[in-house]
Amino acid sequence: MQTTISKEPLSLTLWRRWQWLLWLAVVAVVYTWAVTGLHFTGLQESAASVSRSIVHGLVQPDWSYVYNGSGEDLVSLILQTLAIAFLGTFISALISVPFAFWAARSGKEWLHVRSGSGKVVLTLIRTFPEIVLAIMFIKAVGPGSYAGVLAVSIHSIGMLGKLFSEAIENMDRGAEEAITSAGGNGAQIFILATLPTIMPEFISYTLYRFEIAVRSASILGMVGAGGIGTPMIFAIQTRNWPRVGIILLGIVLMVLLIDSLSEQLRKRLI
């Protein structure tokens, strides 16, 4: 019994072997075009002295700013930043649930219009960056933490709603089918099967979003939305580099701690 071995054309074999050269050439052309479009005007005369001042301030931070009991010190403002991120994430996690069920696609064809409209709404919500929302809310409610909470919560609705809807679409339907076959009604299916199945992923996504919200809340203060960003922008404007150094150190430690705790919690959930 003879077996016929199909041979690929020589051109196809050469293409598979050397196609990386073509992609390398494309990337090189794109980078060349991007670099040649930059207009470098040179360094300013004060660049060297300013750079030395920045490095000196960052390696010798202002430790007296860590805590002084004024409510405007590093510890107090980091706690305020965490509060903005936590409250904004908590609010958005609650509001995102109905949006998620709205945008989740099911097997029924007529529901694609419903889920499609939900996905469009979630996309529109997360189109606006948090810093733009913060500026808009500052004009509406004034500067401070309230504007920061509103900005984080509204933007997070779009992000969490998308993640929650994907979790609903990919969930295991076995428990729902079992309760349905036993004669359960819609409310029993939702409470006893749907919620317990998707809740671990919902909590995991919420914790992940909280990590991002902590970073965002640190930046929103630069436009006046409360948190640690406000004194950091003031310190940069006044060239108080030791103050900038201790603030950056505090932000780094805060983010590392939150990421570590969130990762441990997410590992236990999934």
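Computed over heavy atoms, backbone and side chain alike; hydrogens, waters and symmetry mates excluded.
V120 is not connected to F164 by any chain of hydrophobic side-chain contacts under 4.5 Å among Ile, Leu, Val, Met, Phe, Trp and Tyr, and they are in different clusters. Note: the hydrophobic cluster containing L79 does not contain L257 (ILVMFWY, side chain heavy atoms under 4.5 Å, direct or indirect links). When the side chains of ILVMFWY residues are joined at heavy-atom separations under 4.5 Å, either directly or via intervening members, I246 and V55 end up in two distinct hydrophobic clusters. Both Y67 and W63 belong to a common hydrophobic cluster when Ile, Leu, Val, Met, Phe, Trp and Tyr are linked at side-chain heavy-atom distances under 4.5 angstrom. Cluster annotation: V75 is connected to V244 through the hydrophobic network of ILVMFWY side chains, with a link wherever side-chain heavy atoms come within less than 4.5 Å.
Proximity of a side-chain donor or acceptor of Q80 to a complementary backbone N or O of G227 within less than 3.5 Å is detected. Distance alone, capped at 3.5 Å, places no donor-acceptor pair between the S204 side chain and the P200 backbone. Judged by distance alone, the side chain of S153 and the main-chain N or O of V149 form a donor-acceptor pair under 3.5 Å.
Using a 4.0 Å cut-off between a side-chain N of Lys or Arg and a carboxylate O of Asp or Glu, E72 and R243 do not qualify as a salt bridge.
Two residues are said to be in side-chain contact when any heavy atoms from C-beta on lie closer than 4.5 Å; P231 and Y65 meet this criterion. In this structure the side chain of R239 never reaches within 4.5 angstrom of the side chain of S53, judged on heavy atoms. Side-chain contact between R126 and I157 is absent, with no heavy atoms from C-beta onward closer than 4.5 Å. The side-chain heavy atoms of S49 and R52, taken from C-beta on, include a pair separated by under 4.5 Å. Between I228 and I251, some side-chain heavy-atom pair lies under the 4.5 Å cut-off. Residues M254 and S218 are in side-chain contact: their nearest non-hydrogen atoms beyond the backbone lie under 4.5 Å apart.
Across all their heavy atoms, L74 and G250 have their closest contact at CD2-CA, 4.2 Å. Across T123 and T127, no two heavy atoms sit closer than the pair O-OG1, 2.5 Å. Residues G148 and L220 come closest through the heavy atom pair O-CD1, 4.0 Å. Counting all heavy atoms, side chain and backbone alike, T81 lies closest to V214 at CG2-O, 4.1 Å. The nearest pair of heavy atoms linking T206 to F202 is OG1-O, 2.7 Å. Here the closest non-hydrogen pair linking I84 and G226 is CD1-C, 3.9 Å.
When the side-chain contact (heavy atoms from CB on, under 4.5 Å) test is applied to L163, the partners found at least two apart in sequence or on another chain are E166, Y205. Judged as a side-chain contact (heavy atoms from CB on, under 4.5 Å), and not counting sequence neighbours, S181 has no contacts. E211 is linked by a side-chain contact (heavy atoms from CB on, under 4.5 Å) to Y208, R215, I258, D259, S262, R266, counting only residues two or more places apart in sequence or in another chain. Legend: residues meeting side-chain hydrogen bond (donor to acceptor under 3.5 Å, both in side chains) with S51, ordered by chain and number and at least two apart, are absent.
Side-chain contact, W102 with S165: no donor N or O sits under 3.5 Å from an acceptor N or O. Under 3.5 Å, the side chains of S64 and D62 contain a donor-acceptor pair of N or O atoms.
Of the inter-residue distances, the one linking L207 atom CG with L265 atom CG reads 5.5 Å to the nearest 0.5 angstrom. Put simply, CD1 on I233 and CD1 on I247 are 10.0 Å apart, with the number rounded to the nearest 0.5 Å. Once rounded to the nearest 0.5 Å, the distance linking CG of L133 with CE of M136 reads 6.0 Å.
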Name every donor-acceptor pair, under 3.5 Å, that has one atom in a side chain of residues 86-101 and the other anywhere in the protein, sequence neighbours excluded.
unit_1 : atom_1 : unit_2 : atom_2 : d
T89    : OG1    : A85    : O      : 2.7
S92    : OG     : G88    : O      : 3.1
S92    : OG     : T89    : O      : 2.9
S96    : OG     : S92    : O      : 2.5

Name the atoms and distances for all side-chain donor-acceptor pairs under 3.5 Å in residues 21-30, with sequence neighbours left out.
none

Evaluate I125 against H155 for side chain to side chain contact (heavy atoms under 4.5 Å, CB included), listing each step before the verdict. CA-CA 6 Å; I125 292 174; H155 183 76; over 6 Å; no
Verdict with supporting geometry, R209 and I212, side chain to side chain contact (heavy atoms under 4.5 Å, CB included): CA-CA 5 Å; R209 184 61 200 170; I212 301 175; 3.6 Å; yes
Residue pair I138, V223: steps toward the side chain to side chain contact (heavy atoms under 4.5 Å, CB included) verdict: CA-CA 9 Å; I138 286 172; V223 295; 4.2 Å; yes
